[in-house]
Each structure stands twice: as C-alpha cells, then as structure tokens.
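Working notes, structure below.
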Amino acid sequence: MLMRCVSFFVDELLWMMTWGWYQLALGIVFTWFMFILMGRMRLISALILTLGSYAFAIVTYFGFVSCLLINFFQWKFIGGGEPNVYNALDASLLLGGILSVMQALFYCIINYWRPFFITHFFILSLICNLLAAFCASYFIKLTF
C-alpha cells in the first residue's frame, strides 16, 4: 500500500514535469485574474502572491517526492508491475488538487506576516487549478 502511494506521487511529479507545464501556465494566469477580481488585490501584489504560491507548491512538492519518497524509501521503477495509468483529465485534476493543498500551506505561512482569509484564497486557487486542469487536458487531447 505504501509503495502504491509513493508511486502515485512520483507519477504525478512526472506528469507535472512533462505535460503539466500547460496546466501550470494556465493556472498562474487564472489564479492571477481571480485574485484581482475576487480577492480584490492590486495587480502587482496579486502577481507576487500567485507566483509565490506556485513556486512554493512546485518546489515543496518536488522536494517532498524526490528527497523523502525516492531517497528515503529507495523507490526504484520495476517494469512489468501493475500499471498506474491515468488519462490526461484525471492526472491533471489530481495534480491540481495536490498543488492547491501545497498552496494552502503557503497561505498559512504567509498569514503570519500579512493577515488575510486563507480559506477564501484556497478556494480561489482550487477553482483556478481545476479550471486549468480541464483546459490543459482539452489542449493535450487536441494535440494527440
């Protein structure tokens, strides 16, 4: 069971590093606009919060998977095992959920220096990440 969880997180990291760039770019744009419109933030502060949350989410997730799961558990790929294949929409939605959770952690950290409504911004980033997942999976299906 533990190795299936490790394999899931590694698969999502590989998805983020390959096809997930479409989703990350769209998510940054969508989140920035939502922070401006729904979060009532200024352009530059919304851009800094958006880029900071995505950078934190990507670095934290990459560090979590590569350092803890791969090095600590000594995870190795063994061919011929049970395949964990997701379609583009499922992989994108799961990645969007993972990024949203990591961004919520970033919002909790930032809340110490600048108080704001964490749940409001978490819900906005979750909606934007899921919308970006739908759009990215649609564009990926168009290319193949």
Side-chain angles (χ1 to χ4, degrees), residues 1-77 81-143:
M1 178 69 177
L2 181 64
M3 292 313 289
R4 290 187 89 183
C5 292
V6 171
S7 179
F8 165 75
F9 286 116
V10 170
D11 290 344
E12 284 299 313
L13 178 68
L14 292 174
W15 176 260
M16 180 179 71
M17 292 172 43
T18 54
W19 291 101
W21 291 108
Y22 295 116
Q23 179 178 350
L24 292 174
L26 289 171
I28 288 171
V29 172
F30 292 158
T31 305
W32 183 46
F33 284 130
M34 289 293 276
F35 282 177
I36 292 169
L37 297 176
M38 302 294 286
R40 297 185 182 130
M41 296 181 72
R42 294 181 177 214
L43 292 173
I44 300 299
S45 59
L47 182 64
I48 291 170
L49 184 63
T50 301
L51 292 177
S53 67
Y54 272 95
F56 178 84
I58 292 168
V59 168
T60 304
Y61 185 62
F62 185 81
F64 172 74
V65 172
S66 65
C67 294
L68 180 67
L69 297 182
I70 293 175
N71 289 332
F72 182 73
F73 289 116
Q74 298 295 316
W75 185 83
K76 293 179 179 55
F77 176 74
E82 184 177 328
N84 293 331
V85 178
Y86 304 108
N87 59 20
L89 179 61
D90 291 341
S92 295
L93 289 174
L94 291 170
L95 179 62
I98 291 170
L99 288 176
S100 296
V101 169
M102 296 292 175
Q103 287 173 330
L105 180 62
F106 176 76
Y107 300 146
C108 289
I109 293 170
I110 292 298
N111 192 36
Y112 286 115
W113 291 284
R114 183 182 181 267
F116 61 97
F117 297 109
I118 297 172
T119 55
H120 180 71
F121 283 94
F122 168 69
I123 291 171
L124 287 176
S125 63
L126 179 65
I127 290 169
C128 293
N129 282 326
L130 295 180
L131 182 63
F134 282 118
C135 292
S137 65
Y138 179 74
F139 290 135
I140 291 170
K141 286 180 185 179
L142 286 179
T143 59

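These numbers come from the heavy atoms of this one structure, side chains and all, not from hydrogens, waters or symmetry mates.
Nearest heavy-atom pair, Gly20 versus Leu95, reported as atom, atom and distance to 0.1 Å: CA-CD2, 4.2 Å. When every heavy atom of Thr31 is checked against every heavy atom of Cys128, the shortest pair comes out as OG1-CB, 3.3 Å. Taking both residues in full, the closest heavy atoms of Ser92 and Gln23 are given as O-NE2, 3.0 Å, listed atom of the first, atom of the second, then distance. Shown here for Leu89 and Ala133, the closest heavy-atom pair between the two residues is CD1-O, 4.5 Å. Pairing each heavy atom of Ile118 with each of Cys108, the nearest pair is CD1-CA, 3.9 Å. Between Phe62 and Met17, the closest heavy-atom pair is CE1-SD, 3.8 Å.
For the atom pair Phe35 CZ and His120 NE2, the distance stands at 8.5 Å (nearest 0.5 Å). Between the CD1 atom of Ile28 and the CH2 atom of Trp32 there is a distance of 11.5 Å, given to the nearest 0.5 Å. Distance check: Thr60 OG1 to Ile109 CD1 gives 7.0 Å after rounding to the nearest 0.5 Å. Distance check: Met38 CE to Leu124 CG gives 6.0 Å after rounding to the nearest 0.5 Å. Separation of atoms CG (Asn87) and CD1 (Ile140) is listed at 10.5 Å; rounding is to 0.5 Å. With values rounded to the nearest 0.5 angstrom, Glu12 atom CD is found 9.5 Å from Asp90 atom CG.
Judged by distance alone, the side chain of Ser125 and the main-chain N or O of Phe122 form a donor-acceptor pair under 3.5 Å. Checked by atom type and distance alone, the side chain of Asn111 pairs as donor or acceptor with a backbone atom of Phe116 at under 3.5 Å. A donor-acceptor pair is defined here as one N or O able to donate and one able to accept, closer than 3.5 Å; such a pair exists between the side chain of Ser53 and the backbone of Thr50.
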Take Tyr61 and Leu99 through the side chain to side chain contact (heavy atoms under 4.5 Å, CB included) test and state the conclusion after the steps. CA-CA 8 Å; Tyr61 185 62; Leu99 288 176; 5.5 Å; no
Start with the C-alpha gap between Phe106 and Tyr54, add the side-chain angles, then the distance that decides, and say whether side chain to side chain contact (heavy atoms under 4.5 Å, CB included) holds. CA-CA 9 Å; Phe106 176 76; Tyr54 272 95; over 6 Å; no
Show your working on side chain to side chain contact (heavy atoms under 4.5 Å, CB included) between Leu13 and Phe64 and close with a plain yes or no. CA-CA 10 Å; Leu13 178 68; Phe64 172 74; over 6 Å; no
Test side chain to side chain contact (heavy atoms under 4.5 Å, CB included) applied to Leu47 and Leu43, step by step: CA-CA 6 Å; Leu47 182 64; Leu43 292 173; over 6 Å; no
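Contact annotation: the side chain of Leu142 approaches that of Phe139 to within less than 4.5 Å [non-hydrogen atoms, C-beta and beyond]. Residues Phe121 and Met41 are in side-chain contact: their nearest non-hydrogen atoms beyond the backbone lie under 4.5 Å apart. The shortest distance between side-chain heavy atoms of Ser137 and Trp19 does not fall below 4.5 Å. Side-chain contact between Phe8 and Ile98: present, with at least one pair of heavy atoms (C-beta onward) separated by less than 4.5 Å.
Applying side chain to side chain contact (heavy atoms under 4.5 Å, CB included) to Phe30 and the options Leu130, Ile127, Leu131 leaves one that passes, Leu131.
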